[in-house]
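Reviewing the structure listed below.
Treat the numbers as computed from the prediction; the structure is a model and nothing was measured. Chain A is the first sequence line, chain B the second, and so forth, proteins listed ahead of strands; every chain is numbered from 1.
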There are 4 protein chains.
Amino acid sequence: MKPAAERCEAPSPRALAQRERILCAAQECFVRHGFHAASMAEIAETARMSAGLIYRYFENKNAIIQAIIVRQMEEGASAIGQVHSPDELASALLEVFEHWQRGDHADKNAAQFLDVTAAAAREQEIAAVVQAANAQFGLHLREMLRRNAIREGFALDEEALTSRTVLLQSLISGLAVQSIRDPAITRSNLEGALRELISWLMRR
Amino acid sequence: MKPAAERCEAPSPRALAQRERILCAAQECFVRHGFHAASMAEIAETARMSAGLIYRYFENKNAIIQAIIVRQMEEGASAIGQVHSPDELASALLEVFEHWQRGDHADKNAAQFLDVTAAAAREQEIAAVVQAANAQFGLHLREMLRRNAIREGFALDEEALTSRTVLLQSLISGLAVQSIRDPAITRSNLEGALRELISWLMRR
Amino acid sequence: MKPAAERCEAPSPRALAQRERILCAAQECFVRHGFHAASMAEIAETARMSAGLIYRYFENKNAIIQAIIVRQMEEGASAIGQVHSPDELASALLEVFEHWQRGDHADKNAAQFLDVTAAAAREQEIAAVVQAANAQFGLHLREMLRRNAIREGFALDEEALTSRTVLLQSLISGLAVQSIRDPAITRSNLEGALRELISWLMRR
Amino acid sequence: MKPAAERCEAPSPRALAQRERILCAAQECFVRHGFHAASMAEIAETARMSAGLIYRYFENKNAIIQAIIVRQMEEGASAIGQVHSPDELASALLEVFEHWQRGDHADKNAAQFLDVTAAAAREQEIAAVVQAANAQFGLHLREMLRRNAIREGFALDEEALTSRTVLLQSLISGLAVQSIRDPAITRSNLEGALRELISWLMRR
DNA sequence: AATGAATGAGAGTTCATTCAT
DNA sequence: TATGAATGAACTCTCATTCAT
């Protein structure tokens with residue numbers, strides 16, 4: 001019999017819970033070792049189930065990777081996406097940056113963010129998911145910029161919104177990268193300048 | 001017997017050429033599939049030699065990866081590192097960004113930049129190389145900022161230099177990431193804002 | 001995940017049976033070709049299982065070799081070790097010698113005895129096991145000599161016991177060697193002299 | 001062109017010298033690692049010539065092994081074979097035993113003696129060489145026994161000669177084995193008993 | 001005669017996936 | 001539903017042997 005994941009019935013709560021357990025375990029392993037180096041055996045052990053059982057809930061390892069990517073996208077959106085003001089953005093970013101630097105958090109993990117992005121550069125299917133999530137996050141930032149301008153009593157044309165969003169998003173992604181490449185970065189040499197930069201990106 | 005690469009004799013021109021051929025092939029394969037997914041067999045085929053021969057020039061696959069990483073660091077430095085003014089920096093960045101977006105260049109490749117960074121998050125030895133290269137590049141940017149200030153007739157304290165360098169470097173890394181995550185970015189919606197941002201980072 | 005052999009749980013009967021199957025197959029192959037020349041593929045085929053499966057029960061080929069060595073030591077002890085009188089010793093020796101000569105017995109095999117000994121000359125870990133087993137067997141012979149003396153109404157000083165044990169043990173080992181080097185040896189030209197020699201070693 | 005070794009011309013002195021160099025190097029490597037584990041590359045390096053050149057003097061690795069075996073047989077004969085009295089035999093044996101124990105001598109090496117013997121158990125061609133050499137050495141011992149009897153004024157029938165020779169030869173082989181298996185053996189706990197045993201084997 | 005670069009078969013090992021239970 | 005033993009393909013790496021020079 002095909003695994004539940006493939007039949008068209010609605011998945012039972014049990015099945016959803018199992019999928020969740022698998023995904024959490026996979027996340028942990030992928031964060032530790034990357035997609036390729038993490039083995040199904042390790043994921044199974046982490047999820048405290050047999051290797052065979054995983055295949056009842058996911059077609060194969062790649063399906064888990066894809067699910068993890070979707071999950072990470074949603075996570076990313078909720079982590080920095082739920083902010084509504086420049087100050088909140090800066091604070092959220094500083095907090096996430098600390099997670100990135102420590103590298104101990106399964107959901108806010110810079111290395112995995114890079115793994116996912118690199119995978120998107122190589123596989124079209126993944127690219128689609130990643131680009132969509134990125135676009136959605138971009139839209140969110142863009143709206144924040146727009147609303148902030150209105151709140152401050154001025155307007156930004158679409159072109160300006162676009163380019164500022166691009167830069168803002170690049171900066172955020174870049175902080176993920178630099179959290180790994182430059183362990184010397186401290187909150188203190190980041191905070192002030194970051195707030196200034198964000199303010200500047202929100203200027204008239 | 002140890003491969004020539006490990007004996008203390010100076011490597012022959014032939015050996016250097018072979019190493020180069022292997023590294024180019026490896027680069028190509030790593031760009032296509034990532035470090036783990038690229039097989040020695042594929043590298044050998046790409047380099048048009050037998051798999052066994054590679055081991056005369058590199059101790060093992062990991063040694064190739066390390067060499068590629070060092071190479072990519074040097075490449076990165078020479079690509080954006082040789083600039084001396086904000087304008088040159090912006091231009092160089094825009095040019096590199098186009099390579100990143102196209103993804104067709106083995107040396108200026110965003111996916112591989114992310115692979116290397118992710119690897120640095122997981123392996124200490126690689127972290128050392130990457131952090132050193134990143135630090136050197138950061139120093140270069142910092143000096144550029146300092147000299148620009150002097151040229152413009154003002155001075156920046158060390159603290160300001162540090163935080164601006166951090167932001168500038170994050171922005172650059174972030175553009176690599178976004179070249180993959182956001183294929184909608186065009187030169188036109190990047191150029192103006194980028195120059196402005198760089199100028200702003202160089203302000204009094 | 002580590003193979004069952006390494007986890008601390010008690011091995012299941014199934015696992016023990018599989019290990020046994022592997023060891024028997026390995027024994028066969030090692031006897032035929034020696035430790036190095038026997039391939040994992042051949043062992044797997046002999047055990048009628050896939051090569052990969054072996055690694056669920058043994059960490060690597062070396063672990064199999066070590067297990068075989070331990071096994072052979074135990075076998076050696078039980079083959080000639082369980083004797084309590086000079087006559088029993090001679091008889092046991094003559095019987096084992098026939099196995100050695102025929103070379104068809106996996107457990108009482110002269111070539112493998114030599115392989116193991118040669119391996120002990122080159123690898124410290126193996127040396128430890130072999131020396132321990134040899135010492136234990138020596139002790140057994142020594143006690144036999146001592147008890148026989150007492151039975152016969154005399155005593156042997158420690159020095160005499162030591163040197164006679166050394167010679168007796170050398171003789172036994174040497175018969176293993178000569179079973180290969182001299183196929184002309186027959187039971188008839190060995191039996192009488194051997195009993196005489198053993199008696200002589202047990203003299204007052 | 002076939003290597004000199006295969007053509008029917010008499011080998012030039014140069015060729016003989018080269019063969020000798022190769023054999024010495026091979027001996028060294030075989031003693032260190034055994035036949036299988038010693039690589040042609042290592043042999044070439046030890047002989048300070050290129051790997052390719054070896055094939056001008058030997059058809060393949062197996063031919064070297066065979067030559068080494070022949071060589072070792074001759075060596076063995078000359079080491080213990082040149083003795084003419086029980087006392088000389090004991091002395092020679094004690095001296096050789098010390099080499100065996102130290103394991104540092106390329107020609108009088110117990111591990112290699114066992115390697116060769118084990119190889120004889122597996123390959124007919126090698127068996128022939130080894131058995132011949134062993135038989136010749138046996139004959140020498142036998143003659144020594146016979147002459148000693150005559151010298152002492154008695155005669156030994158053929159049967160007695162045979163069985164005593166077998167035992168003597170086994171003892172010698174066994175000392176090679178025990179030099180590895182029992183590092184506790186000292187000259188002092190061997191010497192007296194060994195001389196006694198040899199005398200006993202030479203008795204009326 | 002000599003080199004050592006090159007080959008290619010085959011080694012040990014790992015691991016995603018399947019399947020009998 | 002769940003297990004984990006079993007498979008087999010693919011991996012990295014080694015090495016005896018060949019060959020252009």
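With a 4.5 Å cut-off on side-chain heavy atoms, D/Ile43 and D/Thr46 do not count as touching. Residues A/Ile22 and A/Phe58 form a side-chain contact, since some pair of their non-hydrogen atoms from C-beta on lies under 4.5 Å apart. In this structure, the side chains of A/Arg56 and A/Gln18 stay at 4.5 Å or more apart for every pair of heavy atoms. Side-chain contact between C/Ile68 and C/Phe30 is present, with heavy atoms from C-beta onward closer than 4.5 Å. At a threshold of 4.5 Å between non-hydrogen side-chain atoms, the residues C/Asn109 and C/Gln27 do not count as touching. In this structure, the side chains of B/Val116 and B/Phe35 come closer than 4.5 Å at one or more pairs of heavy atoms. Annotation: side chain of B/Ile65 is not in contact with side chain of B/Glu123 (no heavy-atom distance under 4.5 Å).
Look at CD on C/Glu45: it is 15 Å from C1' on E/dG10, rounded to the nearest Å. F/dC13 atom P lies 18 Å from atom OH of B/Tyr57, rounded to whole Å. Atom CD1 of C/Ile22 is separated from atom P of F/dA5 by 12 Å (rounded to the nearest Å).
Look at A/Ser50 and you'll find a side-chain N or O under 4.0 angstrom from OP1 or OP2 of F/dT3.
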Under 4.0 Å protein heavy-atom contact, by nucleotide of nucleotides 16-21 of chain F - B base, S sugar-phosphate only: SBB---

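Partners of C/Glu20 under the salt bridge (charged side-chain N to carboxylate O under 4.0 Å, His left out) rule, at least two apart in sequence or in another chain, are C/Arg71.
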Base-pairing string, 5' to 3', of DNA chain F - Watson-Crick or wobble, under 3.5 Å, | interstrand: .||||||||||||||||||||

